[in-house]
S.K.: 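First the structure, which I've put down as structure tokens, then a few questions once you've had a look.
Here is how names work: the chains are called A, B, and so on, in the same order as the sequence lines, proteins then strands, and each is numbered from 1. Keep in mind it's a predicted model, so treat the numbers as computed, not measured.
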Amino acid sequence: MSLTEERITEIKEIFSMVDDDGDGSITRSELGLCLRAMQYSISNSEINDLMKKFDSDRTDRINFPQLLQIIAATDQPNLTKQTQTILSALKLFDTQNDETISENDFRFLMQQTGEQLSKDSVDDMITATDARTKNGRIQYRKLVSTLIHL
Amino acid sequence: MFSDRWLCFCCPQMHKPPRRQMVAPIDEVHAQSNPPHLQISRTKFQEKKRSDLTLASVVIIQKWFRRRQALFEMRRKAAWTIYQHIEYAGEQDQLKLYNFFIELIQTVSNNRRDVSVATKVLRRSSSLSGLAEELELEQLTAASTISIEPTYQGPHINLPLTKEHFEVLILAFQRGELLHPHYVLVILHELRRLLKTLPNVNVVSTHLTKFVTVVGDLHGSLADLMIIFHKNGLPSNENPYIFNGDIVDRGFQSIEIFILISVALIVYPSNVYLNRGNHEDHVLNLRYGFMKEIIHKYKVNSSRLLRLFENIYSWLPVASVIDEHIFVVHGGISNITDLATINRIKRQKYLSVLSPTFIIPTEEDQFEISNIPNDLLLEWRQILDLLWSDPKQTDGCEPNTYRGGGCYWGPDVTRTILEKHKWTLIIRSHECKEEGFDYTHDNKVLTIFSASNYYAVGSNRGAYAKVLTNQSPLVVQFISTKASQKSLTLWERVSYVEEQAIKNLIEKFSVNKSFLMKEFLQVDKKRTGRISVNNWCDIVSRVLDLNLPWRTLKAQLVETDPQGWILYESTFRFKELQFALNVQINDRRRSLCQCMYRNKDLLETVFRAIDKDNSGVISMQEFTDVCTSLGNHNGTKFDEKQITDLAVSIDLDKNGVIDFNEFLEAFRIVDITDPSMEQI
């Protein structure tokens, strides 16, 4: 995927904002910030893979040309497919058959499994997507479809 | 980043799929009917598939969440950049203005009018010198010139000041009471007497107390000072403090804080230290609010108070050294910083660091001044650099000019100057930092900023540093929150801070409408109403003279069509500059009004500077002089006749004088989408 000049300028702007000390390179976590700010939803392990692959000079940092390479090589995810995966997985927890999952179960999943989130983050997620029902369960379809839109 | 809300990225953990009971084996009941060995392996297989699926989904949700967090982080960064740029642009403006005036009276200028404005602005209130001036100052600002009326309900103080007075004042100020101007003068005179005995650089030792606390910019925020005293204790002989400048301006309780710190210094002179900041300068007080605060609170007595403040600033020490190895200064250093040289300077010459006394003409008709000798210029630069400099990441030292705004100094300069003086650390303030503090230059420079919520509620924490004997400083962070504020989510907090910043930008657009439209139309010759993102960003950046991340911001500022082109007219969709009084605005006047509004801050500063008795009123002639001469300063054209016309037509011209406050308040930015706002 080749990048237009305009896209490159856009990426440069984001890179400059993230590169706080102005030395032309960003750290692993800043790489995550950059990519996610450009609408890529990638996991931490995917970022690690990218670092391994593109940090050719082994500085543990990414400079701007390397970032462009990464973007050229990365595809946008298939959101529809991902939504389907989530909905069918969470269906297993839908013990009341109303497309809700208990808050405890949800928190356990988010905070203790996968690439764990903090309690505060999960608080934010639930509040911002307004997914909590009156009896303290989480409407996961609502959560998922709100979260996917920015 | 507000670190308590972010998961540490560097140690992502992958956990094993959870145990059986977590994934409800719905089918297990039905599996009973099959032969046992087949039954077990099929269940296990199904379960693993389900676990894998669950895990995959969990990671997807977490990915999406992190993406959203990142987007908010970028928005927060962008808002921060906006605030910083605007703040520094403002201060640069001020410096440029004064440079302009100084150059004006140095060169042989044909334009008498311009020079007369410059002279009026720069001239000190007193044309006397030495002993005569000292006597005049004491006479003018003696506490005895103000009597205390029997109806006064506020706190009373008397000399000698004690710890009890300090505590009484804290309580009174927390209740919102005002200290009687008579007492303010008493305290200020006592402070001045003490300051005159101090060296240029405070010598601070932690030998007896084992530590000293350094507080950064407070900018009139009493709430933050109260938090610091609450967390760290009141100043005392066992609890020493260094206040690193910028006590006043911007916030609304500058005088209260200044009084409290003064009293602390007077009661504990060996354990409370004050360094001068760039805002301890009457030239900046003109623009950044302290003058307004005094005029508002003390009315007829404000001139007296301001005159005394102007003098007291010049007696403030310019830096401190802790235990001979930690240099504490408000701004920073430069390649010429030299302690011995600094100690030899007569600091009281620098009433204002931007226009020191040797610049200013003393005689009414003396418009030109002779050249300033080089060693005097270098001396001036020493002081300017201490109060105005900022660190930069790359090596080198970049001054603006000798009379510019200090330097940007690099890590190599830090190393050199530290080595020269056998210092190990520089503690400075001057720059707002999100976490309230920031280490740079290989941890040899520590910035401490103590005014939380500086740009907007939630924009940043404040911090102070406890310097312990022979240890690294301990930094303590805090943020002041109103009791009524409920706990906001990350999203709400970012949105609020960003909203204020964006509002500011939208205002700027509306004020620069004619310039912007002109450029837009030049690019869009076919009048399609659309231009490319690059063009829009480029034009906006140039016209506003603000180097901001426009591509990231554009979503909040303009509309785009489905192909990604920018509909530039939407740049002006929310706000419009209105002239609030009953006046006919034709096209020519509209552009004059825009011009005036753009330069509102500058105009205000100069009006105030000329208005020596703080009456709020200057002559019509002075008014037009200022407007036209400012045009020469920044290239905007104020047509003199138009200005006079405008002033006359709004009937602000009363007997040849103009109330400039009224005039400036006549310009407003109104929200044209708000149906309740009346269109003129």
S.K.: CZ/B:Arg551 to NZ/A:Lys12 distance, rounded to the nearest 0.5 angstrom?
M.R.: 11.5 Å
S.K.: Determine the minimum heavy-atom distance between B:Lys77 and A:Val18, stating which atoms define it.
M.R.: CE-CA, 4.2 Å
S.K.: Tell me, out of B:Thr440, B:Thr81, B:Asn534, who's got the most heavy-atom pairs with chain A below 4.5 Å.
M.R.: B:Asn534
S.K.: Do B:Phe72 and A:Asp124 touch side chain to side chain, with heavy atoms closer than 4.5 Å?
M.R.: no
S.K.: Kindly indicate whether the side chain of B:Ile61, heavy atoms from C-beta on, has any atom under 4.5 Å from the side chain of A:Leu90.
M.R.: yes
S.K.: Spell out, as yes or no, whether a donor-acceptor pair under 3.5 Å connects the side chain of B:Arg67 to the backbone of A:Gln39.
M.R.: yes
S.K.: Which residues pass the side chain to side chain donor-acceptor pair (under 3.5 Å) test with A:Thr80, sequence neighbours left out?
M.R.: none
S.K.: Take A:Thr83 and B:Trp64 through the side chain to side chain contact (heavy atoms under 4.5 Å, CB included) test and state the conclusion after the steps.
M.R.: CA-CA 11 Å; A:Thr83 314; B:Trp64 288 356; 3.8 Å; yes
S.K.: Closer than 3.5 angstrom, by distance alone: can the side chain of B:Gln62 be matched with the main-chain N or O of A:Thr113 as a donor-acceptor pair?
M.R.: yes
S.K.: Do side-chain atoms of A:Glu13 reach the backbone of B:Thr552 as a donor and acceptor pair under 3.5 angstrom?
M.R.: yes
S.K.: Just give me the residue among B:Lys392, B:Gln393, B:Met74 that pairs up with chain A most often, heavy atom to heavy atom, under 4.5 Å.
M.R.: B:Met74
S.K.: With respect to chain B, which residue among A:Glu10, A:Met38, A:Met17, A:Glu5 yields the maximal number of heavy-atom pairs within a distance under 4.5 Å?
M.R.: A:Met17
S.K.: Count the heavy atoms of every other residue, nucleotide or ligand shown that sit under 6.0 Å from CZ of A:Arg141, and state whether that count exceeds 12.
M.R.: no
S.K.: Does the side chain to side chain contact (heavy atoms under 4.5 Å, CB included) test come out yes or no for B:Leu71 and A:Arg36, once each step is laid out?
M.R.: CA-CA 7 Å; B:Leu71 284 161; A:Arg36 287 166 177 152; over 6 Å; no
S.K.: Would you name the heavy atoms of A:Leu147 and B:Phe65 that are closest together and state the gap between them?
M.R.: CD2-N, 4.1 Å
S.K.: Determine, step by step, whether B:Lys63 and A:Gln82 satisfy the side chain to side chain contact (heavy atoms under 4.5 Å, CB included) criterion, reporting the C-alpha distance in whole Å, the side-chain angles of both residues, the deciding distance to 0.1 Å, and the verdict.
M.R.: CA-CA 11 Å; B:Lys63 277 201 282 205; A:Gln82 287 184 336; 3.8 Å; yes
S.K.: Report, as yes or no, whether the 6.0 Å neighbourhood of atom CD on A:Gln76 holds more than 12 heavy atoms from other residues, nucleotides or ligands.
M.R.: yes
S.K.: Do you know which two heavy atoms are closest between B:Val59 and A:Ser43, and how far apart they sit?
M.R.: CG1-CB, 3.9 Å
S.K.: So, do B:Arg66 and A:Ile47 sit near enough that their side-chain heavy atoms are less than 4.5 Å apart?
M.R.: no
S.K.: Over all heavy atoms of both residues, which pair between A:Ala89 and B:Ser57 is shortest? Give the atoms and the distance, please.
M.R.: CB-OG, 2.9 Å
